[in-house]
S.K.: 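The structure that follows is given in the form of structure tokens.
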Amino acid sequence: MHAFDYTAPESLASALAELEEAGDEGKVIAGGTALMILMMQRLVRPTRLISLRRLPGLGRIEVVDGGVRIGALATHRDVETSPLIRSRIPVLAETLSRVATLRIRNVATIGGCLAHADPNQDPPVTLLALDARVRIAGRQGERQVALDEFFVDYYQTALRPGEVVVAVDVAFPAPGNASAFHKFLPRTADDYATVAVAATVTLTPEGVCREARIGLGALGPTPLRARDAEAIVIGERLSDRLLAAASEAAIRVVDPIADPRGSAEYKRQMAGVFVRRALRGAWDRASREAA
Amino acid sequence: MTLRIRLSVNGSAREVLIPSSRRLIDFLRDDLGLTGTKEGCGVGVCGACTVLLDGRMISSCLALAAFADGAEVTTVEGLADDERLHPVQQAFIEYGGAQCGICTPGQVVAAKALLDEVPNPTEGEIREWMLGNLCRCTGYYKIIESIQKAAGHARL
């Protein structure tokens, strides 16, 4: 690998100061599972690496006003095994438990996953459906960005130079709400998904959908929301016709690329199938909640 | 840039100078001569380079040696107690869990990590933990059987 300077500051303030000073030459590193590969393949060649690994408390998973705040340094495994996440936001634990292999989940962090912004990753799909908010720190202070405004393009985010992701906030589900995550893995269980879909629905006691969000992965330059499909199901009861209409609307927003996991046309068709499955899965769970 | 790191490798404390870009696998193999850890794919998929960092299994090909500063690293060389093999190693020999051997150090280290956390795993748990350790010889059945036998042995 190319030579670079490496520091591991012990406070966020010093990390941000170092990052500002490094400018374009600097990159932050946490778990490293993504950045190490990009560096070994010479796709990025930062001359300064600023490690966040020594920042105290940045991996905490804690309750904050009506939801959970997941610190950027929490690993996928930390989130997947967190009793708080498992009991209150089970779809998130379920999604993370299916990412890559345990060896990667032990290391890869939530903050790193978001900042890396690979549209093939699973966690952003579920976090989009959960309407998560990203907390970002810079020298000027902290700001929050809704996750669906965070992803800009392939590997590009709303992070400005000198900023780092410090946490992601997820609200606890409302009564009558449930979610499901479905991904299509035709090759191996640790592969990137051919398509991934997360859906969340909130039902009235009568079984009418009050609220719905659908996240799509591996189906465009960023993780996507299927907003037209969401609008179609809101105010309705579950039926095959409704699911067909929603999946047709979702197919219209996807823009997948052909790769060894499937042709673009095949992924479009699978997007429809998996939107139906995820919506039905979320709906079934929400009906049980409501019952 | 040269970094000074302090770490423990298989129970012995060390303080070393390393180039900051040294990967953990290269540090273990080239600097310490611990060549039991293998490099297969080099992108965190195959599991041949599995080591434990503070007890958690990781891909040493995707870690900087700097990440081990202040930590404990366990490699396949650290499993046996002098001449007495770890139950996982013994079981791999007795039940045919190894064939050509290139993936075996990673398999054995992953299996140890599993049994440390889940002493009596179900077959499903074994498959989940070993999912990222590829073997192109045995077909996995004997690896799973070896781990089941090792778990039985560890319980005795």
Side-chain angles (χ1 to χ4, degrees), chain A residues 1-10 22 25 27 29-54 59 73 75-78 80-81 96-109 112 116 185 187-192, chain B residues 1-5 18-27 39-71 106-107 109-111 113-114 117-118 121 124-134 140:
Chain A
M1 222 172 346
H2 71 283
F4 49 76
D5 288 351
Y6 176 95
T7 51
E10 297 193 4
E25 299 298 308
K27 277 267 177 212
I29 189 164
T33 48
L35 186 56
M36 287 288 286
I37 293 177
L38 294 178
M39 291 195 300
M40 286 191 277
Q41 294 176 339
R42 301 179 188 189
L43 292 170
V44 294
R45 295 170 70 90
T47 57
R48 270 188 79 173
L49 278 193
I50 296 144
S51 167
L52 304 183
R53 301 172 67 92
R54 289 197 182 279
L73 287 186
T75 64
H76 288 49
R77 184 67 170 167
D78 292 338
E80 159 194 355
T81 56
L96 289 165
S97 73
R98 299 182 57 201
V99 171
T101 60
L102 222 161
R103 225 177 36 247
I104 298 300
R105 301 201 299 276
N106 274 340
V107 174
T109 65
H116 183 46
L185 289 174
R187 304 201 310 176
T188 59
D190 61 342
D191 197 7
Y192 280 108
Chain B
M1 181 187 192
T2 301
L3 291 178
R4 179 181 298 275
I5 61 169
I18 51 157
S20 49
S21 60
R22 181 76 92 225
R23 295 183 307 162
L24 182 56
I25 188 171
D26 301 324
F27 169 68
E39 180 157 17
C41 68
V43 290
V45 171
C46 79
C49 71
T50 305
V51 301
L52 308 185
L53 185 67
D54 285 336
R56 281 185 155 196
M57 63 173 176
I58 68 161
S59 294
S60 61
C61 74
L62 292 188
L64 290 173
F67 292 177
D69 188 20
Q107 303 279 0
V109 171
L114 163 63
E117 193 170 314
V118 189
E125 285 168 323
I126 295 175
R127 286 177 177 271
E128 190 202 348
W129 278 69
M130 305 303 292
L131 170 67
N133 287 82
L134 304 186
Y140 303 107

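Protein chains get the first letters and strands the later ones, always in sequence-line order, with residue 1 at the start of each.
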S.K.: So which part of A:Ala8 gets closer than 4.5 Å to some heavy atom of chain B, the side chain, the backbone, both or neither?
M.R.: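 Neither part.
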S.K.: Go through the atoms of B:Ala63 and report whether side chain, backbone, both or neither lie under 4.5 Å from a heavy atom of chain A.
M.R.: backbone
S.K.: If you tally heavy-atom pairs under 4.5 Å against chain B, which of A:Thr188, A:Leu49, A:Ile104, A:Thr7 wins?
M.R.: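 The option with the most such pairs is A:Ile104.
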S.K.: To the nearest 0.5 Å, how far apart are CG in A:Asp190 and CG in B:Asn133?
M.R.: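 Between A:Asp190 CG and B:Asn133 CG, I get 10.5 Å after rounding to 0.5 Å.
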S.K.: If only atom types and distance count, is the side chain of A:Arg103 paired as donor or acceptor with the main-chain N or O of B:Thr50 below 3.5 Å?
M.R.: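 No, the answer is negative, given that no donor and acceptor are paired below the 3.5 Å cut-off.
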S.K.: Look at A:Arg53 together with B:Asp69 and state whether they make a salt bridge at an N to O cut-off of under 4.0 Å.
M.R.: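 Between B:Asp69 and A:Arg53 there is no salt bridge, as every charged N stays at least 4.0 Å from the carboxylate O atoms.
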S.K.: Side chain, backbone, both or neither: which part of A:Met40 has an atom under 4.5 Å from a heavy atom of chain B?
M.R.: side chain
S.K.: Given heavy-atom pairs under 4.5 angstrom as the criterion, report whether the side chain, backbone, both or neither of A:Ala108 touches chain B.
M.R.: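 Answer is neither: A:Ala108 stays 4.5 Å or more from chain B.
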S.K.: At their closest point, which heavy atom of A:Asn106 faces which heavy atom of B:Met57, and how far apart are they?
M.R.: ND2-O, 2.9 Å
S.K.: Indicate yes or no: at least one non-hydrogen side-chain atom of A:Phe4 is less than 4.5 angstrom from one of B:Leu64.
M.R.: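 A:Phe4 reaches B:Leu64 side chain to side chain.
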S.K.: Where does B:Leu3 contact chain A at under 4.5 Å (heavy atoms): side chain, backbone, both or neither?
M.R.: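 Side chain only.
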S.K.: What distance do B:Met1 atom CE and A:Thr47 atom OG1 have between them, rounded to the nearest 0.5 Å?
M.R.: 11.5 Å
S.K.: Side chains of A:Ile37 and B:Leu62, heavy atoms from C-beta outward: is any pair under 4.5 Å?
M.R.: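 A side-chain contact exists here, since the closest heavy-atom pair is under 4.5 Å.
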S.K.: Test your reading of the model: is there a side-chain donor-acceptor pair from A:Thr101 to the backbone of B:Leu131, 3.5 Å cut-off?
M.R.: no
S.K.: Thinking salt bridges, do A:Arg105 and B:Glu128 make one under a 4.0 Å N-O criterion?
M.R.: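 Answer for the salt bridge query: yes.
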S.K.: Specify the closest pair of heavy atoms between A:Ala30 and B:Phe67, including all atoms of both residues, with the distance to one decimal.
M.R.: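 Reported closest heavy-atom pair: O-CZ, 3.8 Å.
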S.K.: Non-hydrogen atoms of chain B under 4.5 Å away: do they reach the side chain of A:Thr75, the backbone, both or neither?
M.R.: side chain
S.K.: Between A:Arg77 and B:Trp129, which heavy-atom pair has the shortest distance, and what is it?
M.R.: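 Scanning both residues, the minimum pair turns out to be NH2-CZ2, 3.8 Å.
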